[in-house]
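As a basis for the values below, the full set of heavy atoms in this structure was taken, side chains included, without hydrogen atoms, waters or symmetry mates. Numbers restart at 1 for each chain; the letters A, B, ... are given by sequence-line order, proteins then strands.
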Protein chains: 2
Amino acid sequence: MNPFGKITPLRSPIAINLAERHPASACDECGARHIGLCDALSDEELGFLFRAAQHMSIPPGKLLMEEGGPAQHYFNVNSGMVRLFKALPDGRRQIIGFAGPGHFIGLALTEVNVVSAEAMEPVQVCRFSRAGLSAMAADYPALERKLLDIAVHELALGQQQMLLLGRKTALERTASFLLSWAQRQEPCGDGGLPRPNAKLILPLARADLADYLGLTIETVSRSLGHLKKDGLIEITKIHEIILLRPKALAEVAEAAD
Amino acid sequence: MNPFGKITPLRSPIAINLAERHPASACDECGARHIGLCDALSDEELGFLFRAAQHMSIPPGKLLMEEGGPAQHYFNVNSGMVRLFKALPDGRRQIIGFAGPGHFIGLALTEVNVVSAEAMEPVQVCRFSRAGLSAMAADYPALERKLLDIAVHELALGQQQMLLLGRKTALERTASFLLSWAQRQEPCGDGGLPRPNAKLILPLARADLADYLGLTIETVSRSLGHLKKDGLIEITKIHEIILLRPKALAEVAEAAD
DNA sequence: CGTGACATTGACTAGTATCAACCAAAGTGG
DNA sequence: CCACTTTGGTTGATACTAGTCAATGTCACG
């Protein structure tokens, strides 16, 4: 874990000049420019932020952060998918969430990370030193406000997941997941259902799914099989699922009768 | 503790005048003055905040917020205990957390509440309109920063709870809970164990415990009985538990071998 | 075409829920 | 002051969901 160059936080008017002299043209071509954190910033602000970032490529399986290790950086995902998880000493694992393009990783107060973050595929990120971004946040209210938004949104997702993990059956969990993933893939209005026959791309292995839903891979497989048998979904490829009847799926997910 | 460094002082002279004309003397006697949100503010800032608050008493069982209802207010708990929960249509309930004195309730982005909040005993709160507090946050960076701190802290707690709900056994959940509650009752250093024979006051019914841990009351009862039989705890009164061997309890909680 | 990784399916088991009886403490009213 | 009720908690017997272990299937890739 080598923190390469220390990022010197720039805050004077000079900083803005520097930013102007170095427009963040790279950001224009970044898939994450208009989502998440970056979307909250003007071109100028973004230029500044860009200069504070280290652009990095991470190979699959590599950890961006390790639970228990020193919390030194924040990350913003530009491409690829990252899994966030916690583990018990005996190896049991709970996946906390998945971070795709535009997602911000590393919000924490403690000196050590409370979760691990691992690249699931080749991933590109912008990395920020904690101190550097904190300093920026002090000068750019929009940045801090966006971080609050992000944190609050994650909070709501987490609460939803607690309900799922604490009180839903395997079948309900699976149906809930499919719907929430569809929502994530193409947002269709607040709480709206995906359209019938929506195609779902699942870049997750069954093991990830299981560790996310608090189940075993066998139970996930059986649950999906059950939904397939009932004609609610169709599994075309292993990582491609068609939601034949989203409405019915929603009823399974919430145990509505 | 604060990831975003320094606290920026007040910027609006008008605010100071208002605060001076209405000193928040009531806050001085409030049990929550030096914890949570209020602790982040100076006397002057607090005076201003106080003027924006409605001080309210809530009887046991009454809802402060209802899941699915319009999100109109934030609350800061001054005394008493509040449970936050989500429910499924068939009545299954998952308690998301407990809010005691100094805890801030209602962080959300959506127009409707995503959780319900219910007084477990007579509760006193300061209530803020959403718009009012948002406006204040724009003027008082310290306030917004504190909200971010709160959100991030809740996030970490939620992640811990996801691990518990998704991957721990009934016994592990129960042991984990006892330790985390002890920590909450008298913080003893980051991650430190409570001292042996620490007395725990549990203002929760078994049903609350069960809904918080994703178990049934019978299983909670059996788990506590198991810990008692093994000499790790002693149940003196129904709402009073002595942690005889916190170290052993921690081993049970994390399944260390 | 073989190999290995990942997924599905089946048989069996274990842990927790469910259902029901019993118990204890705290009112309540005669 | 003492039955009586109520409420919340514990304990026991049984059922059922999901986990475990093992065999089989599928697909990508060299």
Enquirer: Rounded to whole angstrom units, what separation is found between the CG atom of A:L171 and the P atom of D:dC16?
Expert: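 In whole Å, D:dC16 P lies 17 Å from A:L171 CG.
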Enquirer: Would you find more than 12 non-hydrogen atoms of other residues, nucleotides or ligands less than 6.0 Å from B:H239 atom NE2?
Expert: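 Yes - once you tally the heavy atoms of other residues, nucleotides and ligands closer than 6.0 Å, there are more than 12.
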Enquirer: Would you classify B:L224 as touching base, sugar-phosphate or nothing, given that sugar-phosphate means primed atoms plus P, OP1 and OP2, and contacts are heavy atoms under 4.0 Å?
Expert: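 No contact.
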Enquirer: Can you measure B:M120 atom CE to D:dG8 atom P for me and round it to whole angstrom units?
Expert: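 Spelled out: CE on B:M120 to P on D:dG8 is 12 Å.
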Enquirer: CG of A:L202 versus C1' of C:dA7: gap in Å, rounded?
Expert: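 Spelled out: CG on A:L202 to C1' on C:dA7 is 14 Å.
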Enquirer: Tell me, do A:Q124 and A:I58 make a side-chain contact under 4.5 Å, heavy atoms counted?
Expert: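 A side-chain contact under 4.5 Å is absent here.
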Enquirer: Which comes earlier along DNA chain D counting from the 5' end, the contact point of B:A207 or that of B:R222, where each point is its nearest nucleotide?
Expert: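 Closest to the 5' end, via its nearest nucleotide, is B:A207.
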Enquirer: Between C:dA7, D:dG9, D:dT10, which nucleotide has the shortest distance from any of its atoms to the side chain of A:R206?
Expert: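 So the side chain of A:R206 is nearest to C:dA7.
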Enquirer: In whole Å, I'd like the distance from the CG atom of A:L227 to the P atom of C:dA7.
Expert: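 After rounding, the gap between these two atoms is 17 Å.
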Enquirer: Please confirm whether the shortest side-chain N or O distance from B:T219 to OP1 or OP2 of C:dA17 is below 4.0 Å.
Expert: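 B:T219 to C:dA17 OP1/OP2: side-chain N or O found under 4.0 Å.
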Enquirer: Distance check needed: D:dG8 C1' versus B:I235 CD1, whole Å only.
Expert: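 Distance check: B:I235 CD1 to D:dG8 C1' gives 14 Å.
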Enquirer: Specify the residue among A:R173 and A:I238 whose closest nucleotide of DNA chain D lies further upstream toward the 5′ end.
Expert: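 Looking at the nearest nucleotide for each, A:R173 comes out on the 5' side.
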Enquirer: Please state how far atom CG in B:L213 lies from atom C1' in C:dT16, giving the value in whole angstrom units.
Expert: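 For the pair B:L213 CG and C:dT16 C1', the rounded distance is 14 Å.
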Enquirer: Taking B:W181 for its side chain and B:S176 for its backbone only, find out whether a donor-acceptor pair lies under 3.5 Å.
Expert: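 Between the backbone of B:S176 and the side chain of B:W181 there is no qualifying donor-acceptor contact (under 3.5 Å).
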Enquirer: Rounded to the Å, how far apart are A:H226 NE2 and D:dC16 C1'?
Expert: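 It is 14 Å, rounded to the nearest whole Å.
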Enquirer: Between D:dT10 atom C1' and B:H239 atom NE2, what is the distance in whole Å?
Expert: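 Rounded to whole Å, this separation is 14 Å.
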Enquirer: Does a side-chain N-to-carboxylate-O contact under 4.0 Å join B:E218 and B:R206?
Expert: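 No, B:E218 and B:R206 are not salt-bridged.
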Enquirer: With respect to the side chain of B:E218, which nucleotide from D:dT11, C:dT16, D:dG19 is positioned closest?
Expert: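 Given the options D:dT11, C:dT16, D:dG19, the side chain of B:E218 is closest to D:dT11.
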Enquirer: Considering heavy-atom distances to DNA chain C, does B:A170 or A:K228 have its closest nucleotide positioned more toward the 5' end?
Expert: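 It is A:K228 whose nearest nucleotide is closer to the 5' end.
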Enquirer: From the set D:dT11, D:dG19, C:dA17, return the single nucleotide nearest to any side-chain atom of A:T216.
Expert: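 Side chain of A:T216 sits closest to D:dG19.
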Enquirer: Going by an N to O cut-off under 4.0 Å, is there a salt bridge joining A:E172 and B:R92?
Expert: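 So A:E172 pairs with B:R92 through a salt bridge.
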